[in-house]
K.L.:
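Take a look at this one; I'll ask things after.
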Amino acid sequence: MTAYRVPVEDIRFGLQHLIGRERLNRLSACEALDDELMNAVIDEAARFAEQALAPLNATGDQQGCRFDQGQVSTPDGWADAYAQFRDAGWTGLCLPEALGGQSLPKVLAMAVTEGWQGANLAFSLIQPLTEGAVEALLASGDSQLIEQYGEHLVSGDWTATMALTEPAAGSDLGLMKTRAIPDGLGGYRLTGDKLYITYGEHDFTERKLHLVLARLQDAPAGSKGISLFAVPSHIEDQNGQLQPNEVVCTGIEHKLGLHGSPTCSLQLGGNQGAWGQLVGEPNRGLAVMFVMMNEARLSVGLQGVAVGERAYQAALAWAQERKQGRHVETGKGPVALVEHPDIQRLLLGMRSRLFAARMLGLHLGHQVDCAREKTHPESQQAQQELDLLTPIFKAHVTEMANHLTGDAIQIFGGMGFIEETGVAQFYRDLRISTIYEGTTGIQAQDFLFRKIQRDQGEVFYDWLNRIKTNLQPLSEHPECSSDWALLTRKIDALRNTVRDLLEHQANNATQLHAASVALLEATGILALGWQLGLSVLAAEDDGVTPKERNNVQALLAFYCAHHLPEIRVHLDRVQSADRGLLKYQFG
């Protein structure tokens, strides 16, 4: 199996040249973060990923987790790895110093998190949950809860979960049945069942904090009546002794992939009910939970980049080593697979799209930082662009990455279907990424209805205008003027399609819902082309080597030839998306 290497050269290119030191210096979070310190953080995180986490990836897949009478044991070596992760301070990387964190910028957290996810996706799932829980508590403004739980979570002594799904309530949270009743002492007692809770129980830490969605007795029906509660795994009794709360793990799922990550069923209550505290205002739980959810969606998009990269590294190594067939021009053979044009097509398809997606992830991390600093001159625009592109990054990148891990298996041929080569695990582990934290269809509906239709496309059109402005220097680039021409045509085509939808299909609900995924995919393809174009311009910097400059230009050329034309296909689907729907009789 190919040893995994964190793509630190790409990451440094993105931070130092694409975003650039000048833009980083405008962030207060980067005031003490010079290039030397930033590189040290990246290198140390990569070392931990490659040496501590990557060797446990196959072990976790093969052993899985074990469940016995409410207790969950993770695979061999995983609890020790978490202890190292916690002791190194990684749990508080971009969380406030006041809570014991390091207050590093989100853009740097995105950079190092990719390495952990690529090394061992199942293990790494625990970190964004805990980080997101802290962000949700901070967003609630409840100083008591922050004081009570914040430092424990930031230090990694506690971990956190996000408890939404129930047996009858998956994506439709309005069907939720978990109940919360005031206990008369300022707290609440919760009863209900939650499913698919990542790291709901484990042996990394004794104590966990569950952020649970539930209904108060007098709550309105539907999603408007959902509140959020902080439910600790243990509570103190009247004598100050620590006792288990009424949160019981009733089982773990047997899954297609991510075997090392325990996906738990939790039962709340059974006697008095699980004790918890209200987070934020009554019936406003989703607003706070979506702080955690949006953090998670960026993390899931990054998972696509990370696992896709690991699959690419394995496929490239195999293609360079394996000899099959004859050279198409010289007729000599056998030659390495990498010398065949079709294998190069597959490899460049992986490399160009993953590089672009990595750059988009770093860009969105930077936008998070800009948006959080309300005095930053680009704060409002950053928040608008972040809102617009988060569903694109989550959905388009994970759909793409699932396809690319399939391409890795294709490059391996029959050996890719064999577990010993390792690439089958990447395929299995990544499959859930298009589903959790909102399926591709849900992301597409969010993109079209909440991010475009709500303001009649104003923010979307502004973004398209910025792309044109950003990439205009390509028009005079000796190697990329034709790529610029194609990019501008696709920008105009996307703008015209959206305008047509808003002006002529606004009341056609079936058409809009059916068209939303195709529109999201077209926008995602353009967003990656945008990042590749920006990368070509950034590669003109003095610190970029001629090889790096040449390779980035080649990636843009390949992408524009092979993937940018797919936008037209998706836009054609948008135009006729409702044909045949609601007419076919199933069964």
Side-chain angles (χ1 to χ4, degrees), residues 2 5-21 35 39 42 46 111 114 305 308-321 327-330 335-363 400 404 407-408 411 467 470-488 490 525-566:
T2 305
R5 293 291 177 261
V6 177
V8 292
E9 294 81 6
D10 285 1
I11 290 169
R12 288 198 179 99
F13 175 88
L15 292 172
Q16 296 174 359
H17 301 291
L18 187 58
I19 295 173
R21 173 50 58 184
D35 287 345
N39 287 332
I42 293 169
E114 184 196 335
V305 181
E309 171 67 26
R310 188 159 192 187
Y312 167 73
Q313 291 184 16
L316 176 61
W318 176 261
Q320 291 172 326
E321 174 187 333
H327 194 281
V328 295
E329 293 182 353
T330 67
V335 295
L337 291 177
V338 74
E339 295 192 44
H340 295 291
D342 190 59
I343 298 297
Q344 289 198 6
R345 175 187 65 82
L346 291 171
L347 288 169
L348 278 172
M350 298 180 76
R351 174 63 176 150
S352 63
R353 287 181 281 183
L354 290 168
F355 180 90
R358 179 174 297 112
M359 298 305 116
L360 181 60
L362 292 174
H363 170 74
M400 176 194 79
L404 296 184
D407 284 350
I411 291 169
I467 293 179
N470 292 161
L471 299 183
Q472 199 280 331
L474 288 176
S475 64
E476 300 179 1
H477 194 289
E479 300 293 333
C480 303
S481 59
S482 61
D483 299 326
W484 153 255
L486 184 57
L487 281 162
T488 57
K490 299 307 178 186
I525 294 168
L526 178 63
L528 298 192
W530 169 47
Q531 290 299 307
L532 283 173
L534 290 176
S535 297
V536 168
L537 297 174
E540 299 299 314
D541 288 358
D542 292 339
V544 179
T545 68
K547 179 182 177 181
E548 288 177 307
R549 187 173 298 119
N550 172 80
N551 282 350
V552 171
Q553 292 175 12
L555 291 179
L556 176 62
F558 178 88
Y559 188 86
C560 286
H562 287 261
H563 299 296
L564 210 61
E566 295 170 3

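Please read these numbers as outputs of a predicted model, since none were measured by experiment. Side-chain atoms are counted along with the backbone in the values below, which use heavy atoms only and exclude waters and symmetry mates.
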K.L.:
Can you name the nearest heavy-atom pair linking Ala111 to Leu15, along with the distance?
P.N.:
CB-CD1, 4.3 Å
K.L.:
Taking only residues two or more places apart in sequence or in another chain, which ones pass ring-ring contact (aromatic ring centres under 6.0 Å, His included) with Trp484?
P.N.:
none
K.L.:
What residues form a side-chain hydrogen bond (donor to acceptor under 3.5 Å, both in side chains) with Gln472, not counting sequence neighbours?
P.N.:
Ser475
K.L.:
For Asp342, check salt bridge (Lys or Arg N to Asp or Glu O under 4.0 Å) against everything at least two apart and list the hits.
P.N.:
Arg345
K.L.:
Nearest 0.5 Å, what's the CG-OG distance between Leu404 and Ser352?
P.N.:
8.5 Å
K.L.:
Could you tell me which non-hydrogen atom of Pro7 sits nearest to which non-hydrogen atom of Arg358, and how far apart they are?
P.N.:
CG-NH2, 3.5 Å
K.L.:
Can any side-chain N or O of Tyr559 pair as donor or acceptor with the backbone N or O of Ala554 at less than 3.5 Å?
P.N.:
no
K.L.:
Name all residues meeting the ring-ring contact (aromatic ring centres under 6.0 Å, His included) criterion together with His327; count only those two or more places apart in sequence or in a different chain, and write none if there are none.
P.N.:
none
K.L.:
What residues, two or more places apart in sequence or in another chain, satisfy side-chain hydrogen bond (donor to acceptor under 3.5 Å, both in side chains) together with Arg351?
P.N.:
Asp10
K.L.:
Taking it one step at a time, do Ile411 and Leu316 satisfy side chain to side chain contact (heavy atoms under 4.5 Å, CB included)?
P.N.:
CA-CA 8 Å; Ile411 291 169; Leu316 176 61; over 6 Å; no
K.L.:
Applying side-chain hydrogen bond (donor to acceptor under 3.5 Å, both in side chains), can you list everything that pairs with Gln320, at least two apart in sequence or on another chain?
P.N.:
none
K.L.:
Between His17 and Phe13, how do the two ring planes meet: parallel, tilted or perpendicular, split at 30° and 60°?
P.N.:
tilted
K.L.:
Pairs in or reaching into residues 473-484: which pass salt bridge (charged side-chain N to carboxylate O under 4.0 Å, His left out), with residues at least two apart or in two chains?
P.N.:
none
K.L.:
Taking C-beta and beyond as the side chain, do Pro341 and Val328 meet within less than 4.5 Å on heavy atoms?
P.N.:
yes
K.L.:
Using the side chain to side chain contact (heavy atoms under 4.5 Å, CB included) rule, take Leu556 and Cys480 through it: C-alpha gap first, then chi angles, then the decisive distance, then the call.
P.N.:
CA-CA 8 Å; Leu556 176 62; Cys480 303; 4.1 Å; yes
K.L.:
With rounding to the nearest 0.5 Å, note down the distance linking CD in Gln16 to CG in Asp541.
P.N.:
10.0 Å
K.L.:
Among residues two or more places apart or on two chains, list those pairs meeting side chain to side chain donor-acceptor pair (under 3.5 Å) that have a residue in residues 546-556.
P.N.:
Thr545-Glu548
K.L.:
Checking side chain to side chain contact (heavy atoms under 4.5 Å, CB included) for the pair Leu18/Leu362: CA distance, chi angles, key distance, verdict?
P.N.:
CA-CA 9 Å; Leu18 187 58; Leu362 292 174; over 6 Å; no
K.L.:
Begin with the C-alpha distance, continue with both residues' side-chain angles, and end with the deciding distance and a verdict on side chain to side chain contact (heavy atoms under 4.5 Å, CB included) for His363 and Ile19.
P.N.:
CA-CA 7 Å; His363 170 74; Ile19 295 173; 5.6 Å; no
K.L.:
Give, for atom CZ of Phe355 and atom CE of Met350, the distance between the pair rounded to the nearest 0.5 Å.
P.N.:
16.0 Å
K.L.:
Which residues pass the ring-ring contact (aromatic ring centres under 6.0 Å, His included) test with Tyr312, not counting sequence neighbours?
P.N.:
none
K.L.:
Between Met400 and Ala357, what is the shortest heavy-atom contact and its length?
P.N.:
CE-CB, 4.1 Å
K.L.:
Taking only distance into account, with no hydrogens and no angle test, what donor-acceptor pairs under 3.5 Å do side-chain atoms of residues 527-540 form with protein atoms, sequence neighbours excluded?
P.N.:
residue	atom	partner	partner atom	Å
Trp530	NE1	Asn470	OD1	3.1
Ser535	OG	Gln531	O	2.8
Glu540	OE2	His477	NE2	3.3

K.L.:
Return the CD1 to NE2 distance between Ile525 and His563, rounded to the nearest 0.5 Å.
P.N.:
9.0 Å
K.L.:
Treating Thr488 as the side-chain partner and Ala485 as the backbone partner, does any N or O pair qualify as donor plus acceptor under 3.5 Å?
P.N.:
yes
K.L.:
Can you tell me how far apart CZ (Arg353) and CG (Leu348) are? Round to the nearest 0.5 Å.
P.N.:
10.5 Å
K.L.:
Using side-chain hydrogen bond (donor to acceptor under 3.5 Å, both in side chains) as the criterion, list what pairs up with Gln313, not counting sequence neighbours.
P.N.:
Glu309
K.L.:
Report yes if the side chains of Val6 and Ile11 come closer than 4.5 Å at any heavy-atom pair, otherwise no.
P.N.:
yes
K.L.:
SG of Cys560 to CG of Leu487: how many Å apart, nearest 0.5 Å?
P.N.:
4.5 Å
K.L.:
The criterion is ring-ring contact (aromatic ring centres under 6.0 Å, His included); which residues satisfy it with His340, sequence neighbours excluded?
P.N.:
none
